[in-house]
S.K.: 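The structure that follows is given in the form of structure tokens.
Remember, it's a predicted structure, so these values are computed and weren't measured experimentally. Residues: numbered from 1 along the sequence shown.
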Amino acid sequence: MTAGPRPDERPLLVGLRPLGLGDFLTAVPAYRALARAFPGHRRVLAAPAVLEPLARLTGALDGVVDTAPLRPLPAPLRGADLAVDLHGRGPASHRVLLAAGPRRLIAFANPEIPGTESFPRWSDDEHEVVRWCRLLTESGAPADPAELDLPLPPPPPPPGAAGATVVHPGAAYPARRWPPERWSAVAAAEASAGRRVVVTGGPDEVDLAAAVAQGAGLPPEAVLAGRTDLAGLAAVVAAAGRVACGDTGLAHLATALRTPSVVLFGPVPPSRWGPPPDRPWHRALWKGRSGDPHGRTPDPGLLEITADEVVEALSDLPPANWVTKAAGNQPHSAPEPAR
């Protein structure tokens, strides 16, 4: 009789970040810090299963176990040697991890959780990337906020994506959604400048993407929304010449893949969620006003950004093949000629 596969006997490290794409990507330097500090552990992220392909690309995680926000951890994640709260300041997220019985917890201090009094202190004013790096650094696992890059994803991009301008009009909340007609104006200007344009989005943004494309006079095949999974979307962004989007997960994907981008900010300043200021191939547009990022209507500051400003910012971006891929030192492919 042939013996079955041996169970993984390495101690378990669980990172809790059951959030979206942008949240996942801002914590990439933290995952890498954990990999260096705990190389003998099996490192698993408690997060949406859809993030698994990108988790593998980090080189720091062994996998993802599908987990919903602030719900009990699945059975395979209980009894970990180390649990790391990358969700928030607690106490709810701390309690989720502690209920799973880890031997040790890394988290921010919270007065409602006994034993965390000496833990690192939360700061509202930090950039999201810096916040989690500081948590780990102050917990004995030095982290570098610059380690944001991902290697090029393996799937080939859809036809027409290479060298194209990616217009991504969607966002999780209305407060961060710039009007579709303005995105159409930007897409039309890019097409008039001789650049191919594709419009991306999730399965629930197909109608929005189609409306933007139609308003710009683009052909139906320019709409990639609903036609790519997350790995496919990453392949589109990696192959693109430039990205135009709001404060959403795709902006962080452009950062991770070193694709030049213009990102529109409204209720949240780029100092909290924007691209790194030391990367000149990204442009953050913000009018200096803050508001509710979960609001039900477009943020007034976001609406102050004009289509002409976005078009001008796009025209100032360096060509994608000027930007060298730090991960693997791979340059972007040369753009395809416009058609």
S.K.: Linking Ile, Leu, Val, Met, Phe, Trp and Tyr through side-chain heavy atoms less than 4.5 Å apart, which residues share a cluster with Val129?
M.R.: Leu148

S.K.: Please list all pairs meeting ring-ring contact (aromatic ring centres under 6.0 Å, His included) that have one or both residues in residues 54-107, counting only residues at least two apart or in different chains.
M.R.: none

S.K.: Here's a test for you: under salt bridge (charged side-chain N to carboxylate O under 4.0 Å, His left out), which of Arg272, Arg89, Arg131 qualifies with Asp124?
M.R.: Arg89

S.K.: With clusters defined by side-chain heavy atoms of hydrophobic residues (ILVMFWY) lying less than 4.5 Å apart, directly or transitively, does Val223 cluster with Val166?
M.R.: no

S.K.: Provide the full list of ring-ring contact (aromatic ring centres under 6.0 Å, His included) pairs with a residue in residues 186-227, sequence neighbours left out, each pair given once.
M.R.: none

S.K.: Do Leu57 and Pro151 come within less than 4.5 Å of each other through their side chains, counting heavy atoms only?
M.R.: yes

S.K.: Taking the side chain as every heavy atom from C-beta outward, state whether Ser139 and Pro120 have any pair of such atoms under 4.5 Å apart.
M.R.: yes

S.K.: Are Leu97 and Phe108 in one and the same hydrophobic cluster, where Ile, Leu, Val, Met, Phe, Trp and Tyr link if side-chain heavy atoms are under 4.5 Å apart?
M.R.: no

S.K.: Any Lys/Arg nitrogen of Asp149 or Arg279 sitting under 4.0 Å from an Asp/Glu carboxylate oxygen of the other?
M.R.: yes

S.K.: Do Trp273 and Asp23 come close enough that some side-chain heavy atom pair is under 4.5 Å?
M.R.: yes

S.K.: Output every pair passing ring-ring contact (aromatic ring centres under 6.0 Å, His included) with a member in residues 133-166, not counting sequence neighbours, ordered by first then second residue.
M.R.: none

S.K.: Compare every heavy atom of Val236 with every heavy atom of Pro158, then report the nearest pair and how far apart it is.
M.R.: CD-CG2, 3.3 Å

S.K.: Going by ring-ring contact (aromatic ring centres under 6.0 Å, His included), name the pairs with one or both residues in residues 216-249, residues two or more places apart or in two chains.
M.R.: none

S.K.: Is there a side-chain contact between Leu77 and Thr67, using heavy atoms and a 4.5 Å cut-off?
M.R.: yes

S.K.: Please list all pairs passing the side chain to side chain donor-acceptor pair (under 3.5 Å) test where one or both residues lie in residues 72-82, with sequence neighbours left out.
M.R.: His41-Asp81, Asp81-Arg103

S.K.: Answer with yes or no whether the side chains of Thr116 and Asn110 bring together a donor and an acceptor at under 3.5 Å.
M.R.: no

S.K.: Transitively linked via ILVMFWY side-chain contacts under 4.5 Å: Leu230 with Leu61?
M.R.: yes

S.K.: Any sub-3.5 Å donor-acceptor pair from Thr255's side-chain atoms to Pro275's backbone N or O?
M.R.: no

S.K.: Would you kindly say whether Arg17 and Thr26 are connected by a side-chain donor-acceptor distance under 3.5 Å?
M.R.: yes

S.K.: Test of understanding: with side chain to side chain contact (heavy atoms under 4.5 Å, CB included), list the residues that count as partners of Asp292, not counting sequence neighbours.
M.R.: His294

S.K.: I'd like to check the side-chain hydrogen bond (donor to acceptor under 3.5 Å, both in side chains) partners of Thr137; sequence neighbours left out, ordered by chain and number.
M.R.: none

S.K.: Evaluate the criterion salt bridge (Lys or Arg N to Asp or Glu O under 4.0 Å) for residue pair Glu112 and Arg95; output intermediate values, then yes/no.
M.R.: CA-CA 10 Å; Glu112 297 185 37; Arg95 289 174 177 145; 3.3 Å; yes

S.K.: Under 4.5 Å side-chain heavy-atom separation, chaining through any Ile, Leu, Val, Met, Phe, Trp or Tyr, what else clusters with Leu19? Say none if it is isolated.
M.R.: none

S.K.: Checking Arg121 side chain against Ala109 main chain: does a donor-acceptor pair fall under 3.5 Å?
M.R.: no

S.K.: Shared ILVMFWY cluster between Leu233 and Val50, side chains joined below 4.5 angstrom?
M.R.: yes

S.K.: Checking one residue: Leu303. Which other hydrophobic residues are in its cluster under the side-chain 4.5 Å linking rule?
M.R.: none

S.K.: With side chains defined as the heavy atoms from C-beta onward, is the minimum distance between Leu73 and Leu16 less than 4.5 Å?
M.R.: yes

S.K.: Quick check: does any side chain N or O of Ser261 sit under 3.5 Å from a backbone N or O of Val263, one acting as donor and the other as acceptor?
M.R.: no

S.K.: Do Glu205 and Arg177 have side chains that get closer than 4.5 Å, going by heavy atoms?
M.R.: no

S.K.: Taking only residues two or more places apart in sequence or in another chain, which ones pass ring-ring contact (aromatic ring centres under 6.0 Å, His included) with Phe24?
M.R.: Tyr31

S.K.: Between the main-chain N or O of Ala307 and the side-chain N or O of Arg182, is there a donor-acceptor pair closer than 3.5 Å?
M.R.: no

S.K.: For the residue pair Leu82 and Pro102, establish whether any side-chain heavy-atom pair is separated by less than 4.5 Å.
M.R.: no

S.K.: Counting only N and O atoms by type, is there a donor-acceptor contact under 3.5 Å from the side chain of Glu190 to the main-chain atoms of Arg195?
M.R.: no

S.K.: Tracing side-chain links under 4.5 Å among I, L, V, M, F, W and Y, which residues wind up in one group with Leu314?
M.R.: Val167, Trp178, Trp183, Val186, Val197, Val199, Leu208, Val212, Leu218, Val262, Leu264, Leu285, Leu302, Ile305, Val310, Val311, Leu317

